[in-house]
Amino acid sequence: MAKTLADLRRPDLLQTKGFVDGKWTSTPGSETFDVLNPASLEKLAILPEMNAADTENAIEAANKAFASFRKTTARQRARWLRRWNDLILENIDDLSLILTLENGKPLPEARGEVIYGASFLEWFAAEAERTHGETVPAANPNHRILTIKQPIGVAALLTPWNFPIAMITRKAGAALAAGCTTVWKPAGETPLTSLALALLAQEAGLPNGSINVVLTLNKVAEVGQAICDNNIVRKLSFTGSTRVGKLLAQQCGPTLKKLSLELGGNSPFIVFDDASIDHAVEALMMAKFRNSGQTCVTANRIFVQKGIYNAFSDAMLKRMQSLQVGPGVQDGATIGPLTHERAVEKATQHIEDAKRLGGKVILGGASVPGSKGYFMQPTLIRDMNPEMITTREEVFAPVLGMYPFETEEEVIALANNSNVGLGSFIMTENMSRCVRVAEALEVGMVGVNVGMLSACESPFGGVKDSGYGREGGTQGIEDYLTVKAILMDVNH
Ligand SMILES: NC(=O)c1ccc[n+]([C@@H]2O[C@H](COP(=O)([O-])OP(=O)(O)OC[C@H]3O[C@@H](n4cnc5c(N)ncnc54)[C@H](O)[C@@H]3O)[C@@H](O)[C@H]2O)c1
Ligand SMILES: O=CCCC(=O)O
């Protein structure tokens, strides 16, 4: 029997209200929205549509809490984060199930995301105590200069639907470790995991008001504007599309908030003639099909050198034929539904466009007929060329297009011919080439003979229209800190 919400060991992890100042809240008579299972379109929960006034209350609560939270010791915050990490891992079965039901990803992948998400809490718990200042040699012999790092203030954390657990822990772990209090706005499609995380954070002892969760699906523009306009919010971190990232950056102009924007990508995946085919195929399976292709760093343009093109394409076809499309709760499913309907339409348009411009579909090529949910067949297209839409736009679906190339210089130019620069992947046994190409790519991250760029200890982020700021790594906490210089006259 496929699992449902009735299988939760702790039914209280399914919360259906906003979370403000440590209390579950909804305004009586307020509008509501439905959270749907993208595999079946069944309703999972009905949540309150929160509005600008609710958002202001959440910001006020975070501000009130900041007065005392900022003074807590880093060690105390680290203890809370570690306890939160432990509680998340203790409840991994329930969190994975809620994640699979609201987002669609297969249960084993959901478990992977829970572990990945929790790892940011453990990482930032340790980083909390490493936010050292400096002593600076002063030019004036009577002066001494120190720097200290302090929490920037209330942080607004806006997360997408593709990694609803890991994206919030990556932001909130850093913010709370730094001593900031937070207002979360999860994607309306996948808010249930954020609510479960907030509940566990409260159990871990994090003080009231340090985490507040605002819920909306249809009033997202109003809530987003209320966050941007509010002077109390000193930091905004957003993961999502470049379009919305630019809008938020404009809206935050008047209040000069510090921003972290982790936006769209268009990752090149480059296979050179000297690559190990088996290894490159497995790396591409990971880079392309994680979360059914809905990852900001997903391999989007697969460049394969001519000498290996046919052999690689045959091997990839064979490997892709083993993928199993199905609801994420179904045993053996490796490709779940896409998270919303727009994604199926977009992928279908990309496939039709590639066909029209000479691409050859050798596997899949359409949505899954007769299914209620948002299922797309894993699709392999050969003979892609730069005129096609997927060369410029991320497809965000299990659709893989292969482009032939001849030389290293040519593929670097092709890879860099993009307005975004987030992830990239290089497959080769030649280490000198790895270094040359990695240095030449205009991106924030390069995977060399790996299909995964994600690790809590590694800085994650992009260049160009992929945004700015880094999450994770030693850099992640810095985005939530300000440096204060203290200049002293020691002969006074
Ligand atoms: N970088 C990523 O991880 C990521 C995540 C989601 C989507 N995307 C890209 O964006 C494309 C479109 O997906 P989408 O339509 O869900 O992305 P989107 O950018 O519209 O939505 C992402 C998040 O932004 C929020 N949002 C939307 N409008 C907002 C506003 N005015 N103010 C504040 N928040 C707002 C949404 O609620 C959601 O939480 C995808 O196909 C993909 O290419 C990238
Ligand atoms: O899609 C955005 C983030 C994915 C990741 O952290 O691996």
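For ligands, and for the atoms within them, numbers begin at 1 and follow the listed sequence. Heavy atoms only: backbone and side chains are in, while hydrogens, waters and symmetry mates are out.
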S.K.: Below 4.0 Å from any atom of ligand 1, is there a heavy atom belonging to Glu189?
M.R.: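 Judged by the 4.0 Å heavy-atom criterion, Glu189 does not count as contacting ligand 1.
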S.K.: If you draw the axis of the six-membered ring of Phe120, does the NZ or CZ of Lys171 fall within 45° of it and under 6.0 Å from the ring centre?
M.R.: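 That pair does not qualify as a cation-pi contact.
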S.K.: Quick one: does any side-chain atom of Thr298 pair with a main-chain N or O of Gln294 as donor and acceptor, under 3.5 Å?
M.R.: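 Here the side-chain-to-backbone pair does not exist.
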S.K.: Answer yes or no: is there an ion pair linking Glu109 with Arg290, defined by an N-O contact shorter than 4.0 Å?
M.R.: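 The answer is no: the pair does not qualify as a salt bridge.
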S.K.: Below 4.0 Å from any atom of ligand 2, is there a heavy atom belonging to Met167?
M.R.: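 Under 4.0 Å: yes for Met167.
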S.K.: With heavy-atom distances below 4.0 Å as the criterion, list the atoms of ligand 2 near Arg290.
M.R.: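 Contacts of ligand 2 toward Arg290, numbered from 1: 5 (C), 7 (O).
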S.K.: Do me a favour and list the nearest non-hydrogen protein atom to atom 10 (O) of ligand 1 with residue, atom name and distance?
M.R.: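 Residue, atom and distance for the closest contact: Ser241 CB, 3.1 Å.
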S.K.: Identify the protein heavy atom lying closest to atom 29 (C) of ligand 1, giving its residue, its atom name and the separation to 0.1 Å.
M.R.: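 Closest protein heavy atom to atom 29 (C) of ligand 1: Val244 CG1, 3.5 Å.
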S.K.: Can you tell me the protein heavy atom closest to atom 6 (O) of ligand 2 and the distance?
M.R.: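 I find the closest protein heavy atom is Tyr116 OH, 2.7 Å.
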S.K.: Starting from atom 1 (O) of ligand 2, find the nearest protein heavy-atom neighbour and note its residue, name and distance.
M.R.: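 Going by distance alone, atom 1 (O) of ligand 2 is nearest to Cys296 SG, 2.7 Å.
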S.K.: For Thr239, counting its heavy atoms only, list the atoms of ligand 1 lying under 4.0 Å from any of them.
M.R.: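 That gives atoms 1 (N), 2 (C), 3 (O) of ligand 1.
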S.K.: So which of Glu471, Arg470, Lys235 actually passes side-chain hydrogen bond (donor to acceptor under 3.5 Å, both in side chains) with Ser260?
M.R.: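 Only one of Glu471, Arg470, Lys235 forms a side-chain hydrogen bond (donor to acceptor under 3.5 Å, both in side chains) with Ser260, namely Lys235.
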S.K.: Taking atom 4 (C) of ligand 2 as the point of reference, which of Thr295, Leu453, Thr159, Leu263 owns the nearest heavy atom?
M.R.: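 Checking each option, the heavy atom nearest atom 4 (C) of ligand 2 is found in Thr295.
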S.K.: Considering non-hydrogen atoms of the protein only, which is the closest contact for atom 43 (O) of ligand 1, and what is the distance?
M.R.: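 Checking every protein heavy atom, the shortest distance to atom 43 (O) of ligand 1 gives Glu394 OE2, 2.7 Å.
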S.K.: Just to be sure I read this right, does ligand 1 sit under 4.0 Å from the backbone of Gln294, its side chain, both, or neither, counting only heavy atoms?
M.R.: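 Neither; nothing of Gln294 gets under 4.0 Å from ligand 1.
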S.K.: Tell me whether the rings of Phe303 and Phe405 are parallel (<30°), tilted (30 to 60°) or perpendicular (>60°).
M.R.: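 Because their plane-to-plane angle is over 60°, the rings of Phe303 and Phe405 count as perpendicular.
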S.K.: Which residue owns the protein heavy atom closest to atom 7 (O) of ligand 2, what's the atom, and how far is it?
M.R.: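 Ranking protein heavy atoms by distance from atom 7 (O) of ligand 2, first comes Ser454 OG, 2.3 Å.
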S.K.: So is Met452 touching ligand 2 or not, going by heavy atoms under 4.0 Å?
M.R.: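 Per 4.0 Å heavy-atom rule, Met452 does not contact ligand 2.
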S.K.: Which is it for Met167 and ligand 1 at heavy atoms under 4.0 Å: side chain, backbone, both or neither?
M.R.: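 No part of Met167 comes within reach of ligand 1.
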S.K.: Checking Asn291 against Asn162: is there a side-chain donor and acceptor pair closer than 3.5 Å?
M.R.: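 Result is no, nothing qualifies.
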S.K.: Just jot down the ligand 1 atoms closer than 4.0 angstrom to any heavy atom of Leu247, in number order.
M.R.: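 So the atoms of ligand 1 that pass are 31 (N).
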S.K.: Answer yes or no: is there a donor N or O on one side and an acceptor on the other, between the side chain of Ser292 and the main chain of Gly336, under 3.5 Å?
M.R.: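 Yes, because the side chain of Ser292 sits within donor-acceptor range (under 3.5 Å) of the backbone of Gly336.
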S.K.: Strictly inside 4.0 angstrom of atom 41 (O) of ligand 1, do you find any protein heavy atom?
M.R.: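 For atom 41 (O) of ligand 1 the answer is yes, since some protein heavy atom falls inside 4.0 Å.
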